[in-house]
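The chains referred to below are lettered A, B, ... by the order of the sequence lines, with proteins before strands, and numbering in each begins at 1.
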Amino acid sequence: MSDIAKRVILTIPMYPDMELAAAKTASVLAELMDFGEGEVEEIQLAIIETCINAFEHSKSDDQEIHIEFLLMADELQFKVTDRGVGISPDTLDGSRVLGSPGMHTDLRKRGRGLQIIRSLMDEVDIESSPNGTTVSVKKKKRG
Amino acid sequence: MNKFDIQIREDGEHAVIETAGYLNDALGEQLAEKAKELIGNGYTQLVINLEKTTLINSIGISILIEIIEALHEQEGALNFCGLSATQERTFRMMALAKYAGIFPDEESAIANL
């Protein structure tokens, strides 16, 4: 892999399981960059959660997600953009989602996607406006 | 497209549910239905074998939480096995490991119910 970033663009419709198309692409690119097996799985899960957040919250008219991958020398970046109505960081973080009504309040059922993404990736940035949302993610190569 | 499957193995006081495919809302709902059916039939000691489940999203995890809660209401127990390192890390982060055991293989998951 040279020092010059390579760019891969993908547009997926908001259909059930289409997040797997993004995950498959991410997997191929991460393997091309010699990420380890565990890191490839982390990247797949992160992009799945990013796409699902867009599916659930964007309310976009075009029902599409635009994904840009940047393959750098030492890291993989991806940006997931929708043209929806925008979303507050609180909603994405799940901080307004109540705990399960049962006995275990730490077992919150929904709204944990962003927490998963942040735990698996090195950097996560969210830009949102009434015209749409972009989630930018970076994963650095280890060793 | 996502191909998934659920296998059930009932053995005395416990039952094992083995899933294959992408554990999302679709597979998760089927899994929850099977688990509730088993609980309804008196199986309160369950193992969920995820060895053939390559990816689990947060909706799938939320459904696993529902199964944990349903079992705890019956004073039952649930152990997971066959998780990848990333899946185990995610389960621990989302507190599932506080209420369900995580074991490397089915044999140890059953032995520790």
Side-chain angles (χ1 to χ4, degrees), chain A residues 12-27 30 35-57 92-94 97-121 139 142, chain B residues 1-4 20-32 36 39 50-78 80 82-102:
Chain A
I12 59 171
M14 294 185 184
Y15 295 158
D17 287 352
M18 283 310 295
E19 70 274 17
L20 289 177
K24 183 68 179 171
T25 304
S27 169
F35 275 95
E37 188 180 332
E39 292 172 312
V40 172
E41 188 183 345
E42 290 171 2
I43 292 165
Q44 284 185 295
L45 184 53
I47 201 161
I48 281 172
E49 293 301 330
T50 311
C51 290
I52 289 173
N53 272 333
F55 289 2
E56 291 195 333
H57 301 296
L92 272 181
D93 270 325
V97 180
L98 297 176
S100 305
M103 63 205 98
H104 308 308
T105 54
D106 52 348
L107 279 174
R108 197 175 60 217
K109 289 177 186 169
R110 299 301 297 271
R112 302 288 287 266
L114 189 59
Q115 186 185 358
I116 292 174
I117 300 164
R118 286 201 162 114
S119 76
L120 299 175
M121 300 290 105
K139 179 71 170 176
R142 306 281 174 237
Chain B
M1 199 49 76
N2 180 37
K3 290 180 180 172
F4 53 76
Y22 171 39
L23 184 44
N24 56 1
D25 50 345
L27 177 57
E29 293 296 347
Q30 288 193 28
L31 172 60
K36 285 170 186 170
I39 294 167
L50 297 165
E51 191 177 354
K52 296 175 184 169
T53 301
T54 48
L55 288 166
I56 305 172
N57 71 20
S58 57
I59 301 171
I61 290 175
S62 72
I63 291 168
L64 293 175
I65 290 171
E66 289 180 9
I67 296 171
I68 290 172
E69 290 185 335
L71 273 169
H72 278 223
E73 283 172 10
Q74 303 297 322
E75 298 183 353
L78 173 65
F80 293 105
L83 277 72
S84 70
T86 301
Q87 289 168 347
E88 182 171 340
R89 184 173 154 196
T90 308
F91 277 30
R92 293 191 185 284
M93 182 187 70
M94 295 185 76
L96 274 76
K98 284 176 70 175
Y99 304 104
I102 296 177

Review point. Is B/Glu51 atom CD crowded by more than 12 heavy atoms from other residues, nucleotides or ligands, each under 6.0 Å away?
Key: no

Review point. What closest approach, in Å, do A/Glu56 and B/Ile59 show between heavy atoms, and which atom pair accounts for it?
Key: OE2-CD1, 3.6 Å

Review point. Taking only residues two or more places apart in sequence or in another chain, which ones pass side-chain hydrogen bond (donor to acceptor under 3.5 Å, both in side chains) with A/Gln44?
Key: none

Practice item. Tell me, please, which residues at least two apart from B/Phe80 pass ring pair (Phe, Tyr, Trp, His ring centres under 6.0 Å). Key: B/Phe91

**Study point:** Distance-minimising heavy-atom pair for B/Ser58 and A/Ile116
**Key:** CB-CD1, 3.9 Å

Check your understanding: Where does A/Glu19 contact chain B at under 4.5 Å (heavy atoms): side chain, backbone, both or neither?
Key -> side chain

**Study point:** Main-chain N/O of A/Ser119 paired to B/Arg89 side chain as donor or acceptor, under 3.5 Å
**Key:** yes

Exercise for review: Heavy-atom distances under 4.5 Å only: say whether A/Glu49 touches chain B with side chain, backbone, both or neither.
Suggested key: side chain

Point to revise | Portion of A/Ile48 that has a non-hydrogen atom of chain B nearer than 4.5 angstrom | key: side chain

Exercise for review: Enter the distance from A/Asp17:CG to B/Asp25:CG here, rounded to the nearest 0.5 Å.
Suggested key: 7.5 Å

Revision key, fill the gap. If one checks every heavy atom of B/Ile56 against chain A at 4.5 Å, the contacting part turns out to be backbone

Revision key, fill the gap. To the nearest 0.5 Å, atom CZ of A/Arg112 lies from atom OG1 of B/Thr90 at 10.5 Å

Review point. Does A/Leu20 reach the side chain of B/Leu55, with side-chain heavy atoms less than 4.5 Å apart?
Key: yes

